[in-house]
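Report on the structure given below.
The analysis underlying the following values was restricted to heavy atoms, covering all of them including side chains, and did not include hydrogens, waters or symmetry mates. All ligand and atom numbering here is 1-based and tracks the order in the structure.
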Amino acid sequence: MKSHNFYAGPAILPQEVLVEASSSALRYEDGLSIMEMSHRSKPLAAVFEEAERLIGELLDVPDDYKVLFLTGGASSQFYMVPMNILGANQTAGYVDTGAWSTKAIKEAKMFGNVNVLASSKDANFNYIPKDYEVPSDIRYLHLTSNNTIFGTQIQDFGNPSARLVCDMSSDIFSRRIDVSKFDIIYAGAQKNLGPSGVTLCIVKKDILGKVERTIPTMLNYETHIGKDSMFNTPPTFPVYVCLLTLRWLVKNGGVAGMEKRNQAKADLLYGEIDRNPLFKGTAVAEDRSKMNVCFELIDDSKNEAFLAAAAEANCIGLKGHRSVGGFRASIYNALDIESVQVLVNLMQNFEKKHG
Ligand SMILES: *Cc1c(COP(=O)(O)O)cnc(C)c1O
């Protein structure tokens with residue numbers, strides 16, 4: 001029996017993607033596993049081309065941007081972004097909305113000046129700061145669209161005057177976005193796109209080549225742009241699994257289809273959290289994430305009992321991050337609403353027993 005997978009990442013993938021990936025892991029073309037084939041071979045070139053094309057179509061990526069498949073996780077983008085676009089005497093603005101933003105800030109300080117424009121640290125990151133000024137002279141403004149650990153999400157990017165750089169690791173392809181508002185978007189694949197091992201970057205080309213420092217070849221976006229993500233051996237199998245997920249996205253209504261599906265799942269789960277007298281949400285209501293739903297038992301002495309009941313119902317990965325406690329249900333694109341219903345039933349049964 002398949003479990004209901006609520007892990008935050010690596011996370012659930014569509015069942016049909018896993019079936020096809022398994023078959024290609026054994027035999028793809030010429031009697032070989034896809035993992036045994038050269039990245040220079042025609043079939044692999046076709047995989048990369050189609051993946052790049054589908055990302056362009058799904059997100060409506062303008063022509064002056066490049067879609068890249070890199071390695072080192074979103075965490076490597078924390079330093080690659082400032083290394084490539086922040087001059088030593090320039091200042092970047094950062095909004096600190098949780099652990100990942102904090103890490104991005106730490107790295108950026110190694111390359112230039114960092115102005116932390118706002119932070120929600122004062123309330124353990126349970127909200128998204130909104131009323132802050134964006135200075136006109138910053139090189140870029142860095143945002144984290146969805147805070148995987150704390151369960152908050154930027155609902156509206158507005159129209160800031162600054163160039164935007166955004167870590168979209170945990171909500172890319174979950175809703176419609178206007179790529180043209182951003183100069184760099186990056187995302188580790190393992191939340192909403194594919195397996196771990198590959199990082200998606202969408203880079204506006206004309207912002208590059210403007211800093212004076214020497215950038216190591218592998219850390220320079222221009223290297224990877226010039227070689228279509230094939231300067232060195234790319235993570236071929238992870239990119240292939242991403243391609244299968246992208247095809248699944250297209251078949252299921254694209255990002256607009258996902259947005260609808262994700263809204264329905266979030267409504268169902270938050271509806272129960274707000275109704276059930278035993279539970280409460282941890283994030284401020286207007287900033288609640290549609291990807292990572294953080295909640296807790298008002299009586300936390302019952303935590304172990306709830307996790308045990310969850311395990312019995314085959315609900316996996318619900319334990320909250322240690323910095324928040326309680327529970328976190330990650331309800332990414334690939335999770336069916338039926339799984340959310342199982343969790344809601346579980347919460348209702350728990351109320352009957354312990355309420
Ligand atoms: C998971 C996550 C990261 C870290 O990604 P890695 O690929 O493990 O480096 C960064 N930012 C956000 C928002 C995440 O959810």
(request) Measure from the ring center of F306 to the ring center of F279 and say whether it is less than 6.0 Å. (result)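 Yes, ring centres under 6.0 Å apart.
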
(message) Are F111 and Y79 an aromatic pair, judged by ring center distance below 6.0 Å?
(response)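 Centroid distance Y79-F111: not below 6.0 Å, so no.
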
(request) Compute the minimum heavy-atom distance from N146 to ligand 1 and say whether it is under 4.0 Å. (result) yes

(message) Under 4.0 Å, counting heavy atoms only: does Q77 come that close to any atom of ligand 1?
(response)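 It does not; every heavy atom stays at 4.0 Å or beyond.
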
(request) Could you tell me whether the side chain of S289 and the main chain of N292 form a donor-acceptor pair under 3.5 Å? (result) yes

(request) Check whether any side-chain N or O of D336 sits under 3.5 Å from a backbone N or O of E338 as a donor-acceptor pair, and report yes or no. (result)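 Pair absent, no side-chain N/O of D336 close to backbone of E338.
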
Can you find an N/O atom of [X] closer than 3.5 Å to an N/O atom of ligand 1?
X: T144; answer: no
X: A74; answer: yes
X: T148; answer: yes

(request) Using the six-membered ring wherever Trp is involved, compare the ring planes of Y28 and Y240 and label them parallel, tilted or perpendicular (cut-offs 30° and 60°). (result)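 If you compare the ring of Y28 with that of Y240, the planes turn out perpendicular.
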
(request) Give me the ring orientation class for Y140 and Y94: parallel if the planes are under 30° apart, tilted from 30 to 60°, perpendicular past 60°. (result)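 Aromatic pair Y140/Y94 classed perpendicular.
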
Could you check [atom] against the protein and tell me its nearest heavy-atom contact, residue, atom and distance included?
atom: atom 9 (O) of ligand 1; value: S75 OG, 2.6 Å
atom: atom 7 (O) of ligand 1; value: Q190 NE2, 2.9 Å
atom: atom 11 (N) of ligand 1; value: D167 OD2, 2.6 Å
atom: atom 14 (C) of ligand 1; value: K191 NZ, 2.9 Å

(request) Check each heavy atom of K103 against ligand 1 and say whether those closer than 4.0 Å belong to the side chain, the backbone, both or neither. (result) neither

(message) For I207 and R163: C-alpha separation, side-chain torsions, deciding distance, then whether side-chain contact (heavy atoms from CB on, under 4.5 Å) applies.
(response) CA-CA 10 Å; I207 62 162; R163 300 171 175 283; 2.8 Å; yes

